Each structure stands twice: as C-alpha cells, then as structure tokens.
Q: 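Let me give you the structure first, and then I'll get to my questions.
Every value quoted in this text rests on a predicted model; they were computed, and no experiment measured them.
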Amino acid sequence: MDPVSFFLIFLAIALIGTVLFLGADAASGIFRRRRSGESALLDGFDGPVASLPPVLLPAEASPADVDRIRFALGLRGYRMDQVDQVLDELRDQLAAKDREIDRLRAELNASAQPGETVP
C-alpha cells in the first residue's frame with residue numbers, strides 16, 4: 001500500500017469520526033433544554049425525572065398501611081429482600097405500639113371514676 005492510499009484512508013476515518021462526534025453532540029443538544037448559567041460543555045447527566053408518584057405513608061400509619069406499600073422497580077434500585085425486611089419490622093413495631101396504646105387506654109378507662117370521661 002503506497003503512502004498516499006494510507007493517508008487517504010486515515011483521512012477518511014478521521015473525517016467520519018469527526019462527523020459522528022459532532023453529529024452526536026448536536027443531536028443531544030436538540031433534545032435538551034439549556035438552563036441559564038449552564039456551561040457550553042454538556043456532561044450528559046440530567047437529574048432524574050419524577051414520573052412516578054411518591055411512596056408515602058398516611059399521617060396515622062397502621063400496620064395494614066405498611067403492607068400496602070409498593071415500590072417501583074428499577075435497574076439499580078434497592079434490594080427487594082432488604083426493603084421487605086425493613087417494612088416487615090416497621091409493621092411489627094407499629095402493631096406492638098398499637099397494642100400497647102390499646103392496653104393503656106383500657107387500663108385508664110378501668111381506673112377512671114364513674115361519670116369521668118377519658119379521651
């Protein structure tokens with residue numbers, strides 16, 4: 001292969017690479033809105049889009065509320081067995097606290113004077 005052919009092949013590869021690089025950068029800029037103060041060089045990492053509703057417990061959560069919680073699946077999300085273990089423990093703690101509150105209320109009602117109201 002003579003040096004001129006080698007140079008032309010190298011030039012063609014470099015030209016194709018440059019066009020692909022600039023084309024990819026231009027295409028990524030089309031679909032992205034630039035925020036004020038953003039540098040001209042884009043890093044390619046945008047914040048995650050919140051497309052799912054948040055997972056929330058009610059203000060007065062009960063053990064049944066914990067059982068109804070469902071998390072969205074993700075490629076690199078939390079390990080399901082760990083989340084299930086924590087939620088099971090939280091449910092059990094809430095149930096124990098509810099039993100203790102009920103016991104204390106019953107004890108308070110039993111010791112109350114007749115005609116006295118207990119909240």
Q: Taking only residues two or more places apart in sequence, or in another chain, which ones meet D98 in a salt bridge (Lys or Arg N to Asp or Glu O under 4.0 Å)?
A: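 Checked D98 against salt bridge (Lys or Arg N to Asp or Glu O under 4.0 Å); zero matches.
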Q: Any side-chain heavy atom of L108 sitting closer than 4.5 Å to one from L104?
A: no
Q: Ion pair present between R99 and D102, side-chain N to carboxylate O less than 4.0 angstrom?
A: no
Q: Using a strict 4.0 Å threshold on nitrogen-to-oxygen distance, state whether K97 and E100 make a salt bridge.
A: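 Salt bridge: no.
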Q: For the CG atom of D84 and the CZ atom of R91, what is their distance to the nearest 0.5 Å?
A: 10.0 Å
Q: Roughly how far, to the nearest 0.5 Å, is the OG1 atom of T18 from the CG atom of L11?
A: 9.5 Å
Q: Does the D88 side chain pair with the main chain of Q85, one donor and one acceptor, at a distance under 3.5 Å?
A: no
Q: Drop me the distance from L8's CG to L15's CG, to the nearest 0.5 angstrom.
A: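 One gets 11.5 Å once the value is rounded to the nearest 0.5 Å.
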